[in-house]
Amino acid sequence: MTFEQSLDRLEAIVGQLQRDDVTLEEALRLFEEGVGRVREAAQALSKAETQVQALVEQPDGALDVANLAG
C-alpha cells in the first residue's frame, strides 16, 4: 500500500469510527487497523526522509538543505 493509500484508508477509518452505530468490536478492529496504517505511513516517511538526506548530503557529511527550497 502506498503512503497516499494509507492516508486515504486512515481517513476512511476515522469516518467510520465517528459514526454513532459502530459497535465496540468494530471500533476495536478499526482502531487496530488504523494503528497499522499509521505505522506503515511513518515507515514510508522515514524512508523518504533517508532518500532525501542522501541526495542532499555533501561530501564532507554536511547537509545542504538550502538546495531543496530553490
Legend entry - Main-chain N/O of Thr2 paired with Gln5 side-chain donor or acceptor, under 3.5 Å: yes

Legend entry - Other cluster members, Leu7 - Ile/Leu/Val/Met/Phe/Trp/Tyr, side-chain contacts below 4.5 Å: Phe3, Leu10, Val38, Leu45

Inset, instruction - Enter the distance from Gln51:CD to Lys47:NZ here, rounded to the nearest 0.5 Å. - result: 5.5 Å

Inset, instruction - Check for a donor-acceptor pair, side chain of Ser46 on one end and backbone N or O of Ala42 on the other, with a separation under 3.5 Å. - result: no

Legend entry - Spacing of CD1 belonging to Ile13 relative to CD belonging to Gln18, to within rounding of 0.5 Å: 12.0 Å

Inset, instruction - Nearest 0.5 Å please: distance from the CD atom of Gln43 over to the OG atom of Ser6. - result: 10.0 Å

Inset, instruction - Could you tell me whether the side chain of Glu11 reaches within less than 4.5 Å of the side chain of Val14, counting heavy atoms only? - result: no

Inset, instruction - Give a yes or no on whether a salt bridge exists between Arg29 and Glu26, defined as a side-chain N under 4.0 angstrom from a carboxylate O. - result: yes

Inset, instruction - Please say whether more than 12 non-hydrogen atoms of neighbouring residues, nucleotides or ligands are located less than 6.0 Å from CG in Asp21. - result: yes

Inset, instruction - With rounding to the nearest 0.5 Å, note down the distance linking CG in Leu28 to CD in Glu25. - result: 7.0 Å

Inset, instruction - Taking the side chain as every heavy atom from C-beta outward, state whether Gln16 and Val22 have any atom pair closer than 4.5 Å. - result: no

